[in-house]
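Here the structure comes first, spelled out in structure tokens, and everything after it is commentary.
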Amino acid sequence: MNDSFRDLTAGMLLLASPDLLDPNFVDTVVLLLDVNDEGALGVVLNRPSALPVSEVLGAWGDVVEEPEVLFQGGPVSTDGALAVALASPGGEDALGFRAVADRLGLLDLDTPAELVAGTVERLRIFAGYAGWGAGQLEGEIDEGSWYVVPGRPDDVFRLDTRELWREVMRRQPGDLALHATRPADPELN
């Protein structure tokens, strides 16, 4: 078993490698939200849309982190929304919150927004998600499509996500950090 599989847990990040050519995931950073024997689920962190949250989810537009737009979480169930939140200290047991990794978790959007006030420090909403069946993600990692690295809450809530892939890669130990300097198209180098 590849060493990276031991770290395949909720809260980890998947960074698309240059070998990953699926247009849904080129240059993406995916936050894993759930990993079990049946598969894995995550959201793409660096694909903001132009659609304001307030136009689709009303009051949640006042609660989300800037930019106050929906993010394209992935190609599955794009008509649904997942809310990733950072609970306030002590807010991990708040109504509608399910912890994923430490204070980072999922917030049920059916919870009235006014009941969330004070329990959540940061919130971002994703349309759709990325999903893998049993063994599928492990296979993609094994073939070199993804780098598996530790995530930080700040990765989820960045104002500008354009350089997220490179910045996460830069902080990795050893040879992995060298990938941060690769040109977008090596043929042009």
To the nearest 0.5 Å, tell me how far [X] [atom1] sits from [Y] [atom2].
X	Y	atom1	atom2	answer
Glu68	Asp62	CD	CG	7.0 Å
Arg124	Leu45	CZ	CG	8.5 Å
Ser17	Trp165	OG	CH2	8.0 Å
Leu107	Arg122	CG	CZ	15.0 Å

Check step by step if side-chain contact (heavy atoms from CB on, under 4.5 Å) holds for Leu137 and Leu14. CA-CA 10 Å; Leu137 180 56; Leu14 301 174; 3.8 Å; yes

Tell me, do [X] and [Y] make a side-chain contact under 4.5 Å, heavy atoms counted?
X	Y	value
Thr28	Trp146	yes
Ile125	Leu70	yes
Leu13	Leu31	yes

Derivation of the salt bridge (Lys or Arg N to Asp or Glu O under 4.0 Å) call for Asp34 and Arg98: CA-CA 11 Å; Asp34 195 14; Arg98 181 176 69 85; 5.1 Å; no

Intermediate values then yes/no, side-chain contact (heavy atoms from CB on, under 4.5 Å), Ile141 and Val148: CA-CA 8 Å; Ile141 293 167; Val148 181; 3.5 Å; yes

Would you say the side-chain atoms of Asn46 pair up with the backbone N or O of Asp27, donor to acceptor, closer than 3.5 Å?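 Answer holds: yes.
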
In sequence, state the C-alpha distance, the side-chain angles, and the governing distance for Asp154 and Arg152, and then conclude on salt bridge (Lys or Arg N to Asp or Glu O under 4.0 Å). CA-CA 5 Å; Asp154 284 347; Arg152 298 177 181 166; over 6 Å; no

